[in-house]
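Here is the structure we will look at, set down as structure tokens.
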Amino acid sequence: MRIGLLTDGGYPYATGEFRLWCDRLVRGLAQHEFDLFALSRTAEQEARGWVRLPSRIGHVRTAPLWSADEESLGLHAPRGLLGRLLTGGGARAYARRERRRFATHFTALAASVCTAGAAGTERGDAGPDTVRTAAGTRVVADLRTGDEQFTQGLYGLAELAWEHGGLPAALRSETAVRILEAACRAPGTGRTVQTATVADLLAFTAELDRALRPLSLDWYDEDGLGAVDLCHATSGGAAALPGLLAKRFFGVPLLVTEHSVQVRAHYLSSGGTPVSAPVRALLANFHGRLATEVYRQAALITPGNTHARRWQERCGADPAKVRTVYPGMESARFAALGEREDDGGPDTLVWVGRIEPAKDLIALLHAFAEVRRAEPNARLRIIGAPAPGPAGATYLAHCRAVAAELFPDEAAGTHTADGGPVSFEDIGGAEVPGLAQAYAAGGVVVLSSVVEGFPISLVEAMFCGRATVSTDVGAVVEVIGGTGLVVPPRNPRALADACLALLRDPERRARLGAAARARALELFTVEQNLAAFRGIYLELIAQAPVRTRPLPEADDGPRPFATPPEAHVLGLWPEPVPESNPGDRTPSWAGAPGAGESDA
């Protein structure tokens, strides 16, 4: 079958574990053909180019989610019709009829976004359907409730963009700001939204323009998303928007895979640019409404862990359509290490990862100070590079300063046989040439994060047969499954006690390490991931209604799924119902089912 792979800011632009997941999927499912539809997040990302694509990727279509403002970085803006649409240049102004249509659809969208979460916010509830963010407590209970206004506005704007273009310019127009202002001031909206100023409204419409740019793409035709048998969105949010329209236009089933839930990431993110509370509230409402619609329309949702699944169900996903599929990781590179004894000594703790505040290395250093007092020969090796940008370097410098303060009479720096108790190292040096050697550098691997999705470093340590001590965040408990020790986050005392328990008991370390390796090989390999999606693809295409397509030319060779299998079976079969207008390929939603109804 032909799969439309939808990505946002990842494959084919960058590498990394979850970007590599897409590449492994394409290469591992050799019986299918893939078309790639990729959104880029930044101008720098496009400038870096693509990773090498496998031959079974047929067509590749890309589009930017960044604007011409980033030309200040010395990079080129997108060219052609899409570039003019995104930058607002060359876009024809709407006539009166189009302006009226835009106002109607945008009014519905704005009313839905402005009222999302208002009831719970006014009550000040803090029940089970509440999440805490950098901006305070937000109630998301009513994201379960379907909002016909949102779907009517979203699909109406998409139809307008398809027929006439010009949507980005319209979203940044004075008309849009006035409509949004009226929606914010209407009865029933939350107090935070009602305080939005004109500057807040302008900031939100700019972000909304960026989020809705997939509606203006030229992917929705018989040679694009109309030609695929299944759309597979590798994340929610913007990546799933083309999948929603492909289902609406052509009846293509949608599969959504989320290793980290987009709504959760938005709630927890402080953002690179500070924004006001009204803007944050409006953005949270929009992303929540979009997630609800994506989950409602998806034929199947495959979270990467149960922690992500709980978020999806909280945001309206039908539990019957949610199936957990763990991300596959390469285990071969750790096979040589296996359950071999540690190279760095049984009294050495190892931390491996990217150095950033979310990893809470400060708590780890304070915990190690307690460990050091109880076990004077204990050592801590922090192996990894700082996060990109000045913030990562600043945090690393802060960690070094804390280590020097906690151990003033001992050298804290480069790890040597006779060096200090704490070392900061990077992978690629003489002592740590590769990732496997990093996990082999000690007897216990520690994870001290306060925020974590799917803990990749923990799975890698398990592949290496290492006993682990982790904080109870994200999917840690689910991944560990009783093969390691888990303590509360931000609790150096508990972290120190758990580390001491394993440092003092080599037999327990060996048992936990062997059990961890067996669990990782059973659940988290590339092979099990490919087997799961191989079955899911066949299941979804078997359940999808037959879509009539023109037969291929004789010299093109056979085309899988071009005709239903019953066409080759002898017997009497009902005649297919003719299309109402088979010669018209212009997508139209005028006769589509109402918002929230199934196309199937």
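What you see is a predicted model; the values in this text were computed from it and never measured.
Between Thr324 atom OG1 and Ile301 atom CD1 the span is 11.0 Å, to the nearest 0.5 Å. The OG1 atom of Thr62 sits 8.5 Å away from atom CG of Leu36, with the distance rounded to the nearest 0.5 Å. Once rounded to the nearest 0.5 Å, the distance linking CD of Glu207 with NE2 of His287 reads 7.5 Å. The distance from the CG atom of Leu25 to the OH atom of Tyr11 is 9.5 Å, given to the nearest 0.5 Å. Distance check, rounded to the nearest 0.5 Å: CG of Leu255 to CZ of Arg323 gives 9.5 Å. With values rounded to the nearest 0.5 angstrom, Leu290 atom CG is found 12.0 Å from Thr151 atom OG1.
For the pair Phe204 and Val113, the minimum side-chain heavy-atom distance is below 4.5 Å. Using a 4.5 Å heavy-atom threshold, the side chains of Leu300 and Val325 count as separate. Contact check for Gln312 versus Thr302: no side-chain heavy atoms found under the 4.5 Å cut-off. Taking the side chain as every heavy atom from C-beta outward, Pro168 and Ser216 approach each other to under 4.5 Å. Residues Leu215 and Leu160 have side chains not in contact (no heavy-atom distance under 4.5 Å, counting atoms from C-beta outward). For the pair Asp223 and Arg61, the minimum side-chain heavy-atom distance is below 4.5 Å. Counting only heavy atoms from C-beta outward, the side chains of Arg280 and Thr192 never approach each other to under 4.5 Å. Considering only heavy atoms from C-beta on, Leu225 comes within 4.5 Å of Phe37 through its side chain.
Looking at Arg296, its side chain never comes within 3.5 Å of a backbone N or O of Gly316 through a donor-acceptor pair. For Lys247 (side chain) and Gln297 (main-chain N/O), a donor-acceptor pair under 3.5 Å exists by modelled atom type. Panel note: side chain Asp200, backbone Thr197; a donor-acceptor pair is recorded below 3.5 Å. The backbone N or O of Tyr295 sits less than 3.5 Å from a side-chain atom of Lys321, completing a donor-acceptor pair. Remark: side-chain polar atoms of Arg48 are not paired, donor with acceptor, to backbone N or O of Tyr13 under 3.5 angstrom. Of the possible donor and acceptor atoms, none in the side chain of Arg213 sits under 3.5 Å from a partner among the backbone N and O of Ala238. With Thr189 contributing its side chain and Arg185 its backbone, the two residues share no donor-acceptor pair below 3.5 Å. A donor-acceptor contact shorter than 3.5 Å links the side chain of Asp229 to the backbone of Arg2.
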- Does the pair Leu217 and Leu39 meet the rule for a side chain to side chain contact (heavy atoms under 4.5 Å, CB included), with working shown? CA-CA 10 Å; Leu217 302 178; Leu39 300 170; 4.0 Å; yes
- Test log, rule side chain to side chain donor-acceptor pair (under 3.5 Å), inputs Ser449 and Thr471: CA-CA 6 Å; Ser449 302; Thr471 49; 5.2 Å; no
- Message: Please evaluate residues Asp8 and Ser235 with respect to the criterion side chain to side chain donor-acceptor pair (under 3.5 Å), reporting the C-alpha separation (whole Å), side-chain torsions for both, the decisive distance (0.1 Å), and the verdict.
- Response: CA-CA 7 Å; Asp8 175 17; Ser235 67; 4.8 Å; no
- Task: Before giving the answer on side chain to side chain contact (heavy atoms under 4.5 Å, CB included), spell out for Leu244 and Tyr155 the whole-Å C-alpha distance, their side-chain angles and the decisive distance to 0.1 Å.
- Result: CA-CA 9 Å; Leu244 288 179; Tyr155 295 124; 4.0 Å; yes
- Task: Given side chain to side chain contact (heavy atoms under 4.5 Å, CB included), test Phe286 with Leu208 step by step and report yes or no.
- Result: CA-CA 8 Å; Phe286 169 79; Leu208 190 63; 3.6 Å; yes
- Task: Take Arg101 and Glu159 through the test side chain to side chain contact (heavy atoms under 4.5 Å, CB included) and record every step on the way to the result.
- Result: CA-CA 10 Å; Arg101 287 178 60 188; Glu159 183 177 0; 3.9 Å; yes
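Arg490 CZ: 12 or fewer foreign heavy atoms inside a 6.0 Å radius.
Between Tyr537 and Phe34, the ring-plane angle classifies as tilted under the 30° and 60° cut-offs. Using cut-offs of 30° and 60° for the angle between ring planes, the Tyr326 and Phe454 rings count as tilted.
Val486 pairs in a side chain to side chain contact (heavy atoms under 4.5 Å, CB included) with only one of the listed residues (Val477, Leu447, Val473), which is Val477.
A pairwise comparison of heavy atoms in Leu5 and Cys22 identifies CD2-CB, 4.4 Å as the closest pair. Contact between Phe250 and Gly226 at its shortest, heavy atoms only, is CD1-CA, 3.5 Å. Listed here is the closest heavy atom pair of Phe106 and Ile179: CD2-CG2, 3.6 Å. Scanning all heavy atoms of the two residues, the minimum distance from Glu46 to Pro64 falls at OE2-CB, 3.8 Å. Across all non-hydrogen atoms, the minimal contact from Val252 to Cys231 is CG1-N, 3.6 Å. Residue Val193 comes nearest to Ala281 through the heavy atom pair CG2-CB, 4.2 Å, listed as atom of the first residue, atom of the second, then distance.
Between the side chains of Thr234 and Thr7, no donor-acceptor pair is found at a separation under 3.5 Å.
Looking at residues two or more places apart in sequence or on another chain, you find a side-chain contact (heavy atoms from CB on, under 4.5 Å) between Val177 and Leu201, Leu202, Thr205.
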Could you tabulate the donor-acceptor pairs under 3.5 Å formed by side-chain atoms of residues 386-395, not counting sequence neighbours?
{"residue": "Thr394", "atom": "OG1", "partner": "Pro390", "partner atom": "O", "Å": "2.8"}
{"residue": "Tyr395", "atom": "OH", "partner": "Leu361", "partner atom": "N", "Å": "3.0"}

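Using a 4.0 Å cut-off between a side-chain N of Lys or Arg and a carboxylate O of Asp or Glu, Arg309 and Glu313 qualify as a salt bridge.
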